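Keep in mind it's a predicted model, so treat the numbers as computed, not measured. Atom set for the values below is all heavy atoms of this structure, side chains included, hydrogens, waters and symmetry mates excluded.
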Amino acid sequence: PFTGWGLRNFTPLYLDHTHTYLGHPHNIFLMFTAEIGIPATLLLCGLVGWILARAVILLRQDLPPVPRTDLGDRLILLAYVLAFGNCILFNCFDVTALDVRVNAMGWLLLSAIAGVVTQTPWARIKEH
């Protein structure tokens, strides 16, 4: 249904409808849509997308003449964005978010990116 079937219910539902045991879904977006519903999936994807979009805008802006440390900070942000993007891409083909270690790493990367983009004033991002 539109609001989902509840967390961790994808496997029993799949077994009921196909009579085949799958174990877990191999696409995080399919899993979220089935378990928490379309609106919550769109909200979660929108929040993550907004954080990543602000990070990309911050990375793409022209650098004014600044100390060399700002360039190092941008490289670290780029590494975080690439690592988190890699986690998202990998979860499109196998849901590793069910593994606590990988899930924690993804949330830590996203929180680090969110911390950088929310601490950077939006006016500074727009003026360059």
Side-chain angles (χ1 to χ4, degrees):
F2 189 67
T3 58
W5 289 95
L7 294 174
R8 302 293 298 182
N9 277 323
F10 182 88
T11 302
L13 287 171
Y14 191 82
L15 182 62
D16 263 358
H17 289 284
T18 63
H19 304 294
T20 305
Y21 180 75
L22 183 62
H24 68 275
H26 287 76
N27 185 314
I28 196 154
F29 302 108
L30 174 65
M31 180 182 84
F32 279 157
T33 303
E35 291 181 359
I36 63 175
I38 295 170
T41 301
L42 290 176
L43 182 68
L44 180 65
C45 291
L47 180 64
V48 171
W50 178 78
I51 292 169
L52 290 177
R54 282 201 59 185
V56 169
I57 290 170
L58 184 62
L59 286 171
R60 290 197 55 179
Q61 74 180 1
D62 292 332
L63 278 176
V66 292
R68 199 169 164 86
T69 57
D70 189 45
L71 182 61
D73 293 344
R74 288 168 61 111
L75 288 175
I76 291 172
L77 178 60
L78 176 64
Y80 283 167
V81 169
L82 288 175
F84 187 72
N86 204 7
C87 287
I88 291 174
L89 186 64
F90 190 59
N91 278 312
C92 286
F93 303 109
D94 190 22
V95 179
T96 58
L98 301 175
D99 182 11
V100 174
R101 297 165 296 187
V102 178
N103 192 6
M105 181 184 64
W107 283 112
L108 285 173
L109 287 170
L110 182 63
S111 65
I113 296 167
V116 170
V117 298
T118 56
Q119 293 301 315
T120 303
W122 189 247
R124 180 177 163 226
I125 293 174
K126 283 184 176 180
E127 71 187 29
H128 292 102

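Side-chain atoms of Leu52 and Ile88, non-hydrogen and from C-beta on, do get closer than 4.5 Å to each other.
Cluster membership for Met31 and Phe90, using ILVMFWY side-chain heavy atoms within less than 4.5 angstrom, is not shared. The hydrophobic clustering, which links ILVMFWY residues whose side-chain heavy atoms are closer than 4.5 Å, places Ile36 and Leu42 apart. In this structure, Val56 is not a member of the same hydrophobic cluster as Leu110, with clusters built from ILVMFWY side-chain heavy atoms closer than 4.5 Å. Linking Ile, Leu, Val, Met, Phe, Trp and Tyr whenever their side-chain heavy atoms come within less than 4.5 Å puts Leu44 and Met105 in one cluster.
Here the shortest heavy-atom pairing between Ile113 and Ala55 reads CG2-CB, 3.7 Å. Closest heavy-atom contact between Phe29 and Cys92: CE1-SG, 3.4 Å. The two atoms that bring Trp5 and Leu13 nearest to each other are CG-CD1, 3.1 Å, heavy atoms only.
Between the side chain of Thr33 and the main chain of Ile38, no donor-acceptor pair closer than 3.5 Å is present. In terms of modelled atom types and a separation under 3.5 Å, the side chain of Asn91 and the main chain of Cys87 share a donor-acceptor contact.
Glu35 CD to Thr11 OG1: the interatomic distance, rounded to the nearest 0.5 Å, is 7.5 Å. Annotation: the span from Leu89 atom CG to Leu82 atom CG amounts to 11.5 Å, rounded to 0.5 Å. To the nearest 0.5 Å, atom CD1 of residue Ile51 and atom CG of residue Leu47 are 4.5 Å apart. Phe32 CZ to Leu7 CG: the interatomic distance, rounded to the nearest 0.5 Å, is 8.5 Å. Atoms CG and CG, on Leu78 and Leu58 in that order, are 11.0 Å from each other to the nearest 0.5 Å. Note: Arg74 CZ to Arg60 CZ = 11.0 Å, rounded to the nearest 0.5 Å.
The number of heavy-atom neighbours closer than 6.0 Å to OH of Tyr80, taken from other residues, nucleotides and ligands shown, is 12 or below.
The list of side-chain hydrogen bond (donor to acceptor under 3.5 Å, both in side chains) pairs with a residue in residues 104-116, not counting sequence neighbours, reads Asn103-Trp107.
Applying the under-4.5 Å side-chain rule to Ile, Leu, Val, Met, Phe, Trp and Tyr, the cluster around Phe10 extends to Tyr14, Leu22, Leu30.
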